[in-house]
Protein chains: 2
Amino acid sequence: MPRPNPPVSRARPCDTCPHRSTSLCNFLLDGAGGSATQIWQEHKTARSRQILYRAGTHLEHVLVLCEGWAHRFVSLSGGHRMILSFLLPGDMMTATAPFSDRISSSIQMVTAGRYCLLRRVDVLQTLSGTDSALTGWGQHIKTQQENLEQQLVDIGRRSAEERIARLVLRIVQRLEQHESQSKREFSFPLTQQHIADATGLTPIHVSRTLNVFRQKEIMSLSHSFLAIHNMRMLHHIADMEPPADD
Amino acid sequence: MPRPNPPVSRARPCDTCPHRSTSLCNFLLDGAGGSATQIWQEHKTARSRQILYRAGTHLEHVLVLCEGWAHRFVSLSGGHRMILSFLLPGDMMTATAPFSDRISSSIQMVTAGRYCLLRRVDVLQTLSGTDSALTGWGQHIKTQQENLEQQLVDIGRRSAEERIARLVLRIVQRLEQHESQSKREFSFPLTQQHIADATGLTPIHVSRTLNVFRQKEIMSLSHSFLAIHNMRMLHHIADMEPPADD
DNA sequence: CGTCACCTTGAAATTAGTCAATGGACGTGG
DNA sequence: CCACGTCCATTGACTAATTTCAAGGTGACG
């Protein structure tokens, strides 16, 4: 395996990505050490609503979302669709990919965006060779699994209002992590169909529920824009702890 | 890394466990190599319905179930309960534990049983030092995540009949993996409350649905005993591929 | 023989889904 | 600038699935 001295000053592709500051990417870049110039395979752009990969497909890469929103989903024989998770910039789209060459869920863009590919064998090698990469990845997997479990609880045992309130709050919290300050207004590109498919409801019922929130002046979502008017009440409906600073 | 000839004949605790043959445990024992006598910390017995650990608790061990059935669950403020997964002999009860000292779901026995504890730092060291252990564990994590995602789809987008049929079939398939032959009758210790909490239904509705299955002579579940009378029909209801040998 | 956990059944209430029609926003091409 | 198509959101009336409430039954076990 030839390893000619890489030109040190050459920028690695993701150094310019908005997500570069997230720990998720750092542990891979840092772990890869000298071979870091190699691990980033390629960048690709994607249109809104484009399906990047379909469940069951062969896939030799780990995908990281750089710009835009996306989601992982499964479609059923009856034509129904279930969204398993939403993906925001910086998210690993295929967290278990290092250990399998088959993808078990489909991936679709919500907005237009950009993502990059890492060869899964390279990632696997980095994980097995670097303790910090392994623990970083382990934490990420753990978080992701806890999110799935939370959703399972929400969909299994909570009302429509609770589900929607929790979905929105969880996304808002993720958005704020990157911004490191709390906001009340967001660009929010999910359609009511997206929300329905993520909460196990019908879009009609999502529409009605959002209307209730709007009329109670809790939050209003329209035209890809979300405004939270009563954060405390929203947390109360979601059965979540309100933030300390409010 | 010293590898003194270990006393070959000395039995390790889990060598006598019924689950010892599962790959899940092998990758840890094999990976641990010479230190394998150390990694198995301790065995404990548990009574039926005993709660082993509560969500949010500090936990320095990875738990492996040796005998009996158990489940991981979360309880809500309203008194509701959601079961995230059922655990059968040989299952790792805390798969992400190597990377965290806090457990995010509670664990409760369904039947009486026995389990063993592995220090999580030992497991982590094995994972980072042994490629086969890492890939084995990665596969396991991936399977577990896919199961969670399947449940999410089931609960979000399927009817009560489908959910129950799928839950039963998935458990039956796991039971058959160990037995390596397909059966039609099983000892099945889950109560209707368990099934309800795992499918997001009420026990009343589970009772009615099981009655429908009984009257249609598809399967009958009573007194901790499950008999499948029409495997093909059960697969059809579950929207799953029927087994080839039937 | 009583108790406890578990299961069953019926009737009423509620939540969420289905069907169907309408309207708004936005981009595209004439 | 307008006409058109497409995607998205809304509304009402109706229906279906599931929950809730309440009561009673069964089986195991000390």
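Convention: sequence-line order gives letters A, B, ...; per-chain numbering from 1.
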* Would you call Asp154(B) and Arg170(B) a salt bridge, taking side-chain N to carboxylate O under 4.0 Å as the test? ->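 Arg170(B) and Asp154(B): salt-bridged.
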
Name every residue in residues 223-230 of chain A that has at least one heavy atom under 4.0 Å from any atom of DNA chain D, in order of residue number, or write none if there are no such residues.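 Nucleic-acid contacts, sorted: none.
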
Note: chain A reaches DNA chain C at heavy-atom distances under 4.0 Å over the stretch, first to last nt, 5' to 3', of dA16(C) to dA25(C)

- Item | Shortest non-hydrogen contact from Arg158(A) toward Glu162(A) |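 Heavy atoms of Arg158(A) and Glu162(A) come nearest at NH1-OE2, 3.1 Å.
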
Item to complete: Heavy atoms only: give me the nearest Ile237(A)-Ala165(A) pair and the separation to one decimal.
Response: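 Distance-wise, the nearest heavy atoms are CG2-CB, 3.9 Å.
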
Mark yes or no for whether [X], through its side chain, and [Y], through its backbone, hold a donor-acceptor pair below 3.5 Å.
X: Arg157(B); Y: Met82(A); result: no
X: Arg54(B); Y: Ser106(B); result: no
X: Arg166(A); Y: Ala238(A); result: yes
X: Gln193(B); Y: Pro203(B); result: no

From the list Leu52(A), Leu117(A), Val64(A), Ile103(A), side-chain contact (heavy atoms from CB on, under 4.5 Å) with Thr94(A) holds only for Ile103(A)

*Show the numbers, then the answer: is there a side-chain hydrogen bond (donor to acceptor under 3.5 Å, both in side chains) between Arg72(B) and Ser105(B)?*
CA-CA 6 Å; Arg72(B) 294 187 311 121; Ser105(B) 54; 3.1 Å; yes

Assess the side chains of Gln151(A) and Asn147(A): does a donor N or O sit below 3.5 Å from an acceptor N or O? no

Does a donor on one side chain sit under 3.5 Å from an acceptor on the other, for Arg214(A) and Asn211(A)?
->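 The criterion, which ignores hydrogens and geometry beyond distance, is satisfied for Asn211(A) and Arg214(A).
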
What residues 188-205 of chain B contributes to the DNA chain C interface at heavy-atom separation below 4.0 Å is Thr191(B), Gln192(B), Ile204(B)

Test side-chain hydrogen bond (donor to acceptor under 3.5 Å, both in side chains), reference Lys142(B), set Gln145(B), Gln144(B), Glu146(B), output is Glu146(B)

Assign each of Arg214(A) and Arg208(A) the nucleotide of DNA chain D bearing its closest heavy atom; nearer the 5' end lies the nucleotide of Arg214(A)

Contact span of DNA chain D against chain A, any nucleotide atom under 4.0 Å from a heavy atom, 5' to 3', runs dC7(D) to dA13(D)

- prompt: Ser159(A) near the nucleic acid: base, sugar-phosphate alone, or nothing, with a heavy-atom cut-off under 4.0 Å?
  reply: sugar-phosphate

Between Ile218(A) and Val212(A), is there a side-chain heavy-atom distance shorter than 4.5 Å?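 SC-SC contact between Val212(A) and Ile218(A) ruled out.
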
Looking at five pairs on each end of the helix from dC1(C)-dG30(D) to dG30(C)-dC1(D), what is the angle between the two axes, given to 10 degrees?
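Inter-axis angle at the termini of the helix from dC1(C)-dG30(D) to dG30(C)-dC1(D): 30°.
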
Sorted by position of nearest nucleotide on DNA chain C, 5' first, the leading residue of Leu210(B) and Arg49(B) is Arg49(B)

Residue pairs passing the ring pair (Phe, Tyr, Trp, His ring centres under 6.0 Å) test with at least one member in residues 204-239 of chain A, sequence neighbours excluded, are none

Result for ring pair (Phe, Tyr, Trp, His ring centres under 6.0 Å) between Trp69(B) and one of Tyr115(B), Phe186(B), Phe86(B), Phe188(B) points to Phe188(B)

